[in-house]
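One structure is given below, encoded as C-alpha coordinates.
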Protein chains: 2
Amino acid sequence: MTRIQQQYAFLTECLKLSEIFRQALLPVSRRRENDAEHSWHLCLMAITLAEHSNQPVDLTRVLKMLIIHDIVEIDAGDTYAYDTAAMVGQHEREAKAAERIFGLLPADQAIELRQCWEEFEAKTTPEAKFAAAVDRLQPILLNILSGGEKWREHGVTKKMVVARNQHANDGACAVWAHALTLLDDAVARGFLPAE
Amino acid sequence: MTRIQQQYAFLTECLKLSEIFRQALLPVSRRRENDAEHSWHLCLMAITLAEHSNQPVDLTRVLKMLIIHDIVEIDAGDTYAYDTAAMVGQHEREAKAAERIFGLLPADQAIELRQCWEEFEAKTTPEAKFAAAVDRLQPILLNILSGGEKWREHGVTKKMVVARNQHANDGACAVWAHALTLLDDAVARGFLPAE
(Lines give C-alpha, C1' and ligand atoms only; values in the text may rest on other atoms or scores of the structure.)
Protein backbone atom coordinates (compact mmCIF):
# COMPACT_ATOMS: atom_id res chain seq x y z
CA MET A 1 0.00 0.00 0.00
CA THR A 2 1.16 3.55 -0.77
CA ARG A 3 1.23 6.19 1.98
CA ILE A 4 -1.97 7.75 0.62
CA GLN A 5 -3.72 4.35 0.57
CA GLN A 6 -2.73 3.76 4.20
CA GLN A 7 -3.89 7.26 5.12
CA TYR A 8 -7.21 6.70 3.34
CA ALA A 9 -7.67 3.37 5.18
CA PHE A 10 -7.26 5.24 8.48
CA LEU A 11 -9.59 8.08 7.40
CA THR A 12 -12.22 5.55 6.33
CA GLU A 13 -12.04 3.62 9.61
CA CYS A 14 -12.35 6.85 11.59
CA LEU A 15 -15.72 7.66 9.98
CA LYS A 16 -17.06 5.20 12.57
CA LEU A 17 -16.61 7.95 15.19
CA SER A 18 -20.00 9.24 14.00
CA GLU A 19 -21.53 5.95 15.21
CA ILE A 20 -20.33 6.32 18.82
CA PHE A 21 -22.99 8.10 20.84
CA ARG A 22 -22.39 9.95 24.08
CA GLN A 23 -24.81 10.66 26.95
CA ALA A 24 -25.18 14.41 26.47
CA LEU A 25 -28.14 15.66 24.40
CA LEU A 26 -27.92 18.23 21.60
CA PRO A 27 -30.11 21.21 22.55
CA VAL A 28 -32.28 21.47 19.41
CA SER A 29 -33.06 17.90 18.29
CA ARG A 30 -32.47 16.51 21.81
CA ARG A 31 -30.78 13.44 20.36
CA ARG A 32 -27.54 12.14 21.89
CA GLU A 33 -24.38 13.77 20.54
CA ASN A 34 -21.90 11.51 18.74
CA ASP A 35 -18.13 11.53 19.17
CA ALA A 36 -17.40 13.11 15.76
CA GLU A 37 -19.58 16.17 16.32
CA HIS A 38 -18.39 16.36 19.96
CA SER A 39 -14.77 16.45 18.71
CA TRP A 40 -15.65 19.22 16.24
CA HIS A 41 -17.31 21.30 18.96
CA LEU A 42 -14.25 20.91 21.18
CA CYS A 43 -12.08 22.25 18.34
CA LEU A 44 -14.41 25.24 18.00
CA MET A 45 -14.25 25.80 21.76
CA ALA A 46 -10.45 25.62 21.68
CA ILE A 47 -10.03 28.27 18.99
CA THR A 48 -12.67 30.48 20.63
CA LEU A 49 -11.43 30.18 24.22
CA ALA A 50 -7.65 29.87 23.65
CA GLU A 51 -7.03 33.29 25.24
CA HIS A 52 -8.25 31.83 28.56
CA SER A 53 -5.68 29.02 28.69
CA ASN A 54 -3.76 29.30 31.98
CA GLN A 55 -0.48 28.94 30.06
CA PRO A 56 0.47 29.86 26.48
CA VAL A 57 -0.22 26.89 24.17
CA ASP A 58 0.73 25.67 20.72
CA LEU A 59 -2.79 25.69 19.25
CA THR A 60 -1.96 23.18 16.50
CA ARG A 61 -1.02 20.60 19.14
CA VAL A 62 -4.17 21.35 21.14
CA LEU A 63 -6.30 20.89 18.02
CA LYS A 64 -4.55 17.67 17.00
CA MET A 65 -5.28 16.23 20.44
CA LEU A 66 -8.93 17.24 20.29
CA ILE A 67 -9.35 15.89 16.76
CA ILE A 68 -7.99 12.45 17.67
CA HIS A 69 -8.71 12.10 21.42
CA ASP A 70 -11.86 9.98 21.06
CA ILE A 71 -10.83 7.80 18.10
CA VAL A 72 -10.03 4.94 20.51
CA GLU A 73 -13.74 4.83 21.36
CA ILE A 74 -14.42 3.27 17.93
CA ASP A 75 -13.25 0.01 19.55
CA ALA A 76 -13.51 0.80 23.26
CA GLY A 77 -16.88 2.63 23.27
CA ASP A 78 -17.79 5.77 25.17
CA THR A 79 -17.40 5.52 28.96
CA TYR A 80 -19.87 7.76 30.79
CA ALA A 81 -18.06 10.23 33.04
CA TYR A 82 -20.02 9.16 36.15
CA ASP A 83 -20.02 5.38 35.54
CA THR A 84 -17.17 4.27 37.82
CA ALA A 85 -17.85 0.55 37.14
CA ALA A 86 -17.41 1.03 33.38
CA MET A 87 -14.09 2.78 33.99
CA VAL A 88 -12.44 -0.45 35.18
CA GLY A 89 -10.02 -1.52 32.43
CA GLN A 90 -10.90 1.54 30.33
CA HIS A 91 -7.32 2.62 29.72
CA GLU A 92 -6.24 -0.89 28.65
CA ARG A 93 -9.15 -1.16 26.20
CA GLU A 94 -8.36 2.26 24.80
CA ALA A 95 -4.62 1.57 24.49
CA LYS A 96 -5.40 -1.58 22.49
CA ALA A 97 -7.72 0.44 20.26
CA ALA A 98 -5.02 3.08 19.74
CA GLU A 99 -2.61 0.35 18.67
CA ARG A 100 -5.03 -0.99 16.07
CA ILE A 101 -6.52 2.22 14.68
CA PHE A 102 -3.46 4.49 14.59
CA GLY A 103 -1.63 1.40 13.30
CA LEU A 104 -3.52 1.74 10.02
CA LEU A 105 -1.36 4.80 9.26
CA PRO A 106 2.21 4.81 7.92
CA ALA A 107 4.50 3.95 10.86
CA ASP A 108 5.81 7.50 11.47
CA GLN A 109 2.28 8.91 11.65
CA ALA A 110 1.04 6.03 13.80
CA ILE A 111 3.73 6.88 16.34
CA GLU A 112 3.02 10.62 16.17
CA LEU A 113 -0.74 10.30 16.72
CA ARG A 114 -0.30 7.65 19.40
CA GLN A 115 2.03 10.03 21.27
CA CYS A 116 -0.46 12.85 20.77
CA TRP A 117 -3.22 10.71 22.33
CA GLU A 118 -0.96 9.71 25.23
CA GLU A 119 -0.04 13.35 25.83
CA PHE A 120 -3.76 14.19 26.00
CA GLU A 121 -4.43 11.33 28.42
CA ALA A 122 -1.51 12.28 30.71
CA LYS A 123 -2.73 15.91 31.12
CA THR A 124 0.72 17.20 32.11
CA THR A 125 1.69 19.60 29.29
CA PRO A 126 0.01 23.04 28.98
CA GLU A 127 -1.56 21.87 25.69
CA ALA A 128 -3.00 18.70 27.23
CA LYS A 129 -4.29 20.60 30.27
CA PHE A 130 -6.11 23.11 28.08
CA ALA A 131 -7.47 20.39 25.76
CA ALA A 132 -8.66 18.33 28.74
CA ALA A 133 -10.33 21.42 30.23
CA VAL A 134 -12.29 22.00 27.02
CA ASP A 135 -13.28 18.31 26.98
CA ARG A 136 -14.73 18.74 30.50
CA LEU A 137 -16.42 22.08 29.94
CA GLN A 138 -18.30 21.07 26.78
CA PRO A 139 -20.61 18.38 28.25
CA ILE A 140 -21.43 20.69 31.17
CA LEU A 141 -22.63 23.27 28.64
CA LEU A 142 -24.69 20.65 26.75
CA ASN A 143 -26.27 19.30 29.92
CA ILE A 144 -27.25 22.79 31.03
CA LEU A 145 -28.70 23.60 27.60
CA SER A 146 -30.86 20.47 27.76
CA GLY A 147 -32.17 21.31 31.25
CA GLY A 148 -30.05 18.66 33.00
CA GLU A 149 -32.17 15.73 31.73
CA LYS A 150 -29.27 13.26 31.52
CA TRP A 151 -27.83 14.38 34.86
CA ARG A 152 -31.13 13.62 36.61
CA GLU A 153 -31.54 10.35 34.71
CA HIS A 154 -28.16 9.19 36.03
CA GLY A 155 -28.52 10.67 39.55
CA VAL A 156 -25.71 13.19 39.03
CA THR A 157 -25.36 16.04 41.54
CA LYS A 158 -23.51 19.35 41.26
CA LYS A 159 -21.03 18.02 43.81
CA MET A 160 -20.29 15.07 41.49
CA VAL A 161 -19.94 17.36 38.43
CA VAL A 162 -17.45 19.54 40.29
CA ALA A 163 -15.45 16.57 41.62
CA ARG A 164 -15.24 14.93 38.20
CA ASN A 165 -14.44 18.04 36.18
CA GLN A 166 -12.52 20.38 38.46
CA HIS A 167 -9.23 19.64 36.72
CA ALA A 168 -10.59 22.00 34.02
CA ASN A 169 -9.31 24.60 36.49
CA ASP A 170 -5.73 23.48 35.68
CA GLY A 171 -6.23 24.32 31.99
CA ALA A 172 -8.52 27.35 31.93
CA CYS A 173 -9.41 28.68 35.38
CA ALA A 174 -11.45 31.64 34.11
CA VAL A 175 -13.70 29.38 32.03
CA TRP A 176 -14.02 26.91 34.91
CA ALA A 177 -15.13 29.81 37.14
CA HIS A 178 -17.76 30.69 34.53
CA ALA A 179 -18.92 27.05 34.40
CA LEU A 180 -19.33 27.09 38.20
CA THR A 181 -21.70 30.07 37.95
CA LEU A 182 -23.67 28.20 35.27
CA LEU A 183 -23.83 25.16 37.56
CA ASP A 184 -25.09 27.25 40.49
CA ASP A 185 -27.77 28.66 38.23
CA ALA A 186 -28.63 25.13 37.04
CA VAL A 187 -29.11 24.02 40.67
CA ALA A 188 -31.31 27.05 41.33
CA ARG A 189 -33.44 26.13 38.29
CA GLY A 190 -33.81 22.49 39.41
CA PHE A 191 -31.70 20.95 36.60
CA LEU A 192 -29.72 18.90 39.13
CA PRO A 193 -29.50 18.69 42.93
CA ALA A 194 -26.63 20.40 44.77
CA GLU A 195 -25.57 17.08 46.34
CA MET B 1 -22.00 40.53 28.62
CA THR B 2 -18.45 39.46 29.51
CA ARG B 3 -16.13 38.07 26.83
CA ILE B 4 -16.71 34.52 28.08
CA GLN B 5 -20.50 35.01 27.99
CA GLN B 6 -20.28 36.25 24.40
CA GLN B 7 -18.02 33.32 23.50
CA TYR B 8 -20.44 30.87 25.13
CA ALA B 9 -23.36 32.43 23.21
CA PHE B 10 -21.46 31.78 19.96
CA LEU B 11 -20.50 28.23 20.99
CA THR B 12 -24.12 27.48 21.91
CA GLU B 13 -25.46 28.79 18.60
CA CYS B 14 -22.90 26.73 16.68
CA LEU B 15 -24.22 23.48 18.16
CA LYS B 16 -26.90 23.84 15.48
CA LEU B 17 -24.28 22.70 12.94
CA SER B 18 -25.20 19.15 14.01
CA GLU B 19 -28.71 19.79 12.68
CA ILE B 20 -27.59 20.64 9.12
CA PHE B 21 -27.56 17.48 7.03
CA ARG B 22 -25.57 16.99 3.86
CA GLN B 23 -26.24 14.66 0.93
CA ALA B 24 -23.38 12.20 1.47
CA LEU B 25 -24.13 9.03 3.45
CA LEU B 26 -22.01 7.69 6.30
CA PRO B 27 -20.76 4.22 5.32
CA VAL B 28 -21.91 2.21 8.38
CA SER B 29 -25.32 3.58 9.40
CA ARG B 30 -26.00 4.93 5.88
CA ARG B 31 -27.61 8.05 7.33
CA ARG B 32 -26.79 11.47 5.90
CA GLU B 33 -23.70 13.11 7.41
CA ASN B 34 -24.20 16.39 9.25
CA ASP B 35 -22.04 19.49 8.97
CA ALA B 36 -20.46 19.12 12.43
CA GLU B 37 -19.16 15.60 11.85
CA HIS B 38 -18.17 16.55 8.27
CA SER B 39 -16.11 19.44 9.67
CA TRP B 40 -14.42 17.09 12.15
CA HIS B 41 -13.55 14.59 9.42
CA LEU B 42 -12.04 17.38 7.32
CA CYS B 43 -9.82 18.34 10.27
CA LEU B 44 -8.70 14.72 10.58
CA MET B 45 -8.00 14.60 6.84
CA ALA B 46 -5.99 17.83 7.07
CA ILE B 47 -3.68 16.61 9.84
CA THR B 48 -3.30 13.21 8.14
CA LEU B 49 -2.69 14.48 4.60
CA ALA B 50 -0.82 17.75 5.31
CA GLU B 51 2.39 16.34 3.83
CA HIS B 52 0.65 16.26 0.43
CA SER B 53 -0.19 19.97 0.33
CA ASN B 54 1.27 21.46 -2.86
CA GLN B 55 2.74 24.31 -0.82
CA PRO B 56 3.89 24.48 2.82
CA VAL B 57 0.98 25.56 5.02
CA ASP B 58 0.36 26.96 8.49
CA LEU B 59 -1.68 24.03 9.82
CA THR B 60 -3.38 26.09 12.54
CA ARG B 61 -4.86 28.39 9.89
CA VAL B 62 -5.95 25.40 7.78
CA LEU B 63 -7.67 23.85 10.81
CA LYS B 64 -9.34 27.12 11.83
CA MET B 65 -10.82 27.41 8.32
CA LEU B 66 -12.07 23.82 8.35
CA ILE B 67 -13.56 24.17 11.84
CA ILE B 68 -15.58 27.28 10.91
CA HIS B 69 -16.12 26.96 7.12
CA ASP B 70 -19.67 25.57 7.30
CA ILE B 71 -21.01 27.58 10.25
CA VAL B 72 -22.79 29.93 7.83
CA GLU B 73 -24.98 26.96 6.83
CA ILE B 74 -26.77 27.21 10.18
CA ASP B 75 -28.72 30.06 8.55
CA ALA B 76 -28.07 29.48 4.84
CA GLY B 77 -28.49 25.68 4.75
CA ASP B 78 -26.34 23.17 2.87
CA THR B 79 -26.17 23.71 -0.88
CA TYR B 80 -25.66 20.44 -2.76
CA ALA B 81 -22.52 20.57 -4.91
CA TYR B 82 -24.39 19.64 -8.11
CA ASP B 83 -27.52 21.77 -7.58
CA THR B 84 -26.74 24.80 -9.76
CA ALA B 85 -30.19 26.34 -9.19
CA ALA B 86 -29.69 26.35 -5.41
CA MET B 87 -26.35 28.10 -5.86
CA VAL B 88 -28.01 31.34 -7.03
CA GLY B 89 -27.62 33.87 -4.23
CA GLN B 90 -25.69 31.36 -2.09
CA HIS B 91 -22.80 33.68 -1.30
CA GLU B 92 -25.10 36.55 -0.28
CA ARG B 93 -27.08 34.25 2.04
CA GLU B 94 -23.89 32.91 3.55
CA ALA B 95 -22.34 36.37 4.00
CA LYS B 96 -25.46 37.48 5.90
CA ALA B 97 -25.19 34.37 8.07
CA ALA B 98 -21.50 35.08 8.75
CA GLU B 99 -22.44 38.58 9.87
CA ARG B 100 -25.02 37.31 12.35
CA ILE B 101 -23.28 34.23 13.73
CA PHE B 102 -19.67 35.46 13.99
CA GLY B 103 -21.23 38.69 15.29
CA LEU B 104 -22.16 36.87 18.51
CA LEU B 105 -18.45 36.89 19.42
CA PRO B 106 -16.46 39.79 20.91
CA ALA B 107 -15.75 42.22 18.03
CA ASP B 108 -12.07 41.29 17.56
CA GLN B 109 -12.89 37.59 17.26
CA ALA B 110 -15.88 38.25 15.01
CA ILE B 111 -13.55 40.04 12.60
CA GLU B 112 -10.90 37.32 12.82
CA LEU B 113 -13.27 34.42 12.10
CA ARG B 114 -15.09 36.37 9.38
CA GLN B 115 -11.73 36.95 7.66
CA CYS B 116 -10.84 33.30 8.13
CA TRP B 117 -14.11 32.27 6.40
CA GLU B 118 -13.53 34.75 3.57
CA GLU B 119 -9.98 33.45 3.10
CA PHE B 120 -11.40 29.93 2.79
CA GLU B 121 -14.03 31.06 0.28
CA ALA B 122 -11.50 32.96 -1.88
CA LYS B 123 -9.20 29.91 -2.25
CA THR B 124 -6.14 32.03 -3.05
CA THR B 125 -3.72 31.40 -0.16
CA PRO B 126 -1.87 28.05 0.16
CA GLU B 127 -3.85 27.35 3.35
CA ALA B 128 -7.21 28.01 1.69
CA LYS B 129 -6.27 25.93 -1.36
CA PHE B 130 -5.33 22.97 0.80
CA ALA B 131 -8.43 23.35 3.01
CA ALA B 132 -10.67 23.60 -0.06
CA ALA B 133 -9.02 20.49 -1.55
CA VAL B 134 -9.80 18.50 1.58
CA ASP B 135 -13.40 19.79 1.51
CA ARG B 136 -13.72 18.42 -2.06
CA LEU B 137 -11.96 15.12 -1.49
CA GLN B 138 -13.99 14.07 1.56
CA PRO B 139 -17.45 13.76 -0.05
CA ILE B 140 -15.90 11.82 -2.96
CA LEU B 141 -14.57 9.32 -0.42
CA LEU B 142 -17.96 9.08 1.33
CA ASN B 143 -19.85 8.61 -1.93
CA ILE B 144 -17.49 5.83 -2.99
CA LEU B 145 -17.79 4.11 0.39
CA SER B 146 -21.58 4.14 0.08
CA GLY B 147 -21.50 2.66 -3.44
CA GLY B 148 -22.40 5.93 -5.18
CA GLU B 149 -26.05 5.82 -4.03
CA LYS B 150 -26.47 9.61 -3.75
CA TRP B 151 -24.59 10.23 -7.02
CA ARG B 152 -27.02 8.00 -8.92
CA GLU B 153 -30.02 9.49 -7.08
CA HIS B 154 -28.98 12.95 -8.30
CA GLY B 155 -27.82 11.88 -11.79
CA VAL B 156 -24.18 12.76 -11.11
CA THR B 157 -21.53 11.45 -13.56
CA LYS B 158 -17.77 11.08 -13.14
CA LYS B 159 -17.36 13.94 -15.60
CA MET B 160 -19.45 16.18 -13.32
CA VAL B 161 -17.51 15.09 -10.21
CA VAL B 162 -14.22 15.94 -11.92
CA ALA B 163 -15.46 19.29 -13.24
CA ARG B 164 -16.84 20.32 -9.85
CA ASN B 165 -13.91 19.18 -7.72
CA GLN B 166 -10.80 19.47 -9.86
CA HIS B 167 -9.60 22.56 -8.02
CA ALA B 168 -8.56 20.04 -5.33
CA ASN B 169 -5.58 19.66 -7.67
CA ASP B 170 -4.51 23.23 -6.75
CA GLY B 171 -4.25 22.25 -3.08
CA ALA B 172 -3.05 18.65 -3.04
CA CYS B 173 -2.33 17.24 -6.51
CA ALA B 174 -1.11 13.84 -5.26
CA VAL B 175 -4.31 13.24 -3.31
CA TRP B 176 -6.41 14.45 -6.25
CA ALA B 177 -4.58 11.94 -8.48
CA HIS B 178 -5.46 9.22 -5.95
CA ALA B 179 -9.10 10.34 -5.96
CA LEU B 180 -9.16 10.05 -9.76
CA THR B 181 -8.07 6.40 -9.53
CA LEU B 182 -10.83 5.78 -6.96
CA LEU B 183 -13.33 7.44 -9.33
CA ASP B 184 -12.21 5.27 -12.25
CA ASP B 185 -12.66 2.23 -10.08
CA ALA B 186 -16.11 3.50 -9.00
CA VAL B 187 -17.15 3.81 -12.66
CA ALA B 188 -15.88 0.28 -13.35
CA ARG B 189 -17.96 -1.00 -10.42
CA GLY B 190 -21.10 0.79 -11.63
CA PHE B 191 -21.30 3.33 -8.77
CA LEU B 192 -21.75 6.19 -11.26
CA PRO B 193 -21.67 6.57 -15.05
CA ALA B 194 -18.56 8.00 -16.73
CA GLU B 195 -20.60 10.77 -18.33
Open item on the list: Please report the interatomic distance CG(B:Leu25) to CG(A:Leu15), rounded to the nearest 0.5 Å.
Closed with: 12.0 Å

TODO: Hey, could you give me the OG1/NE2 distance between A:Thr2 and B:His178, rounded to the nearest 0.5 Å?
DONE: 6.0 Å

Which bit of [X] is near chain B, if near means a heavy-atom gap under 4.5 Å: side chain, backbone, both or neither?
X: A:Leu141; result: side chain
X: A:Leu63; result: side chain
X: A:Ala174; result: both
X: A:Leu44; result: both
X: A:Asn34; result: side chain
X: A:Leu182; result: side chain

Open item on the list: Only pairs of heavy atoms separated by less than 4.5 Å count here; which of B:Leu113, B:Thr12, B:Asp35 has the most with chain A?
Closed with: B:Thr12

Task: Top contributor to chain A interface from B:Thr48, B:Leu26, B:Val175 [non-hydrogen pairs under 4.5 Å] - done: B:Thr48

Task: Interface residue of largest heavy-atom contact number with chain B, from A:Gln138, A:Glu51, A:His38, A:Glu112, under 4.5 Å - done: A:Glu51

TODO: Give the member of A:Lys16, A:Arg61, A:Arg3, A:Glu33 that has the highest number of heavy-atom pairs under 4.5 Å with chain B.
DONE: A:Arg3

TODO: Tell me, for B:Leu145 versus chain A, whether the close heavy atoms (under 4.5 Å) come from the side chain, the backbone, both or neither.
DONE: side chain

Task: Contacting region of B:Leu42 [heavy-atom separation from chain A under 4.5 Å] - done: neither

Open item on the list: Under a 3.5 Å cutoff, is there a donor and acceptor pairing between the side chains of B:Ser18 and A:Glu37?
Closed with: yes

TODO: Would you check if there is a donor-acceptor pair between the side chains of A:Gln7 and B:His52 at a distance under 3.5 Å?
DONE: yes

Task: Criterion side chain to side chain contact (heavy atoms under 4.5 Å, CB included) on B:Leu49 and A:Leu11, from CA distance to verdict - done: CA-CA 10 Å; B:Leu49 300 172; A:Leu11 293 168; 4.0 Å; yes

- [ ] Taking the side chain as every heavy atom from C-beta outward, state whether B:Lys64 and A:Leu59 have any pair of such atoms under 4.5 Å apart.
- [x] yes

Task: Contact check, side chains of B:Tyr8 and A:Ile144, non-hydrogen atoms, under 4.5 Å - done: no

Task: N/O donor-acceptor pair under 3.5 Å between A:Trp40 side chain and B:Ile67 backbone - done: yes

Open item on the list: Between B:His41 (side chain only) and A:Ala36 (backbone N and O only), is there a donor and an acceptor less than 3.5 Å apart?
Closed with: no

Open item on the list: Please tell me whether A:Ile20 and A:Phe10 are part of a single hydrophobic cluster in this structure, the criterion being side-chain heavy atoms less than 4.5 Å apart.
Closed with: no

Task: B:Thr60 and A:Ile47: CA distance, side-chain angles, deciding distance, side chain to side chain contact (heavy atoms under 4.5 Å, CB included) verdict - done: CA-CA 10 Å; B:Thr60 303; A:Ile47 65 173; over 6 Å; no

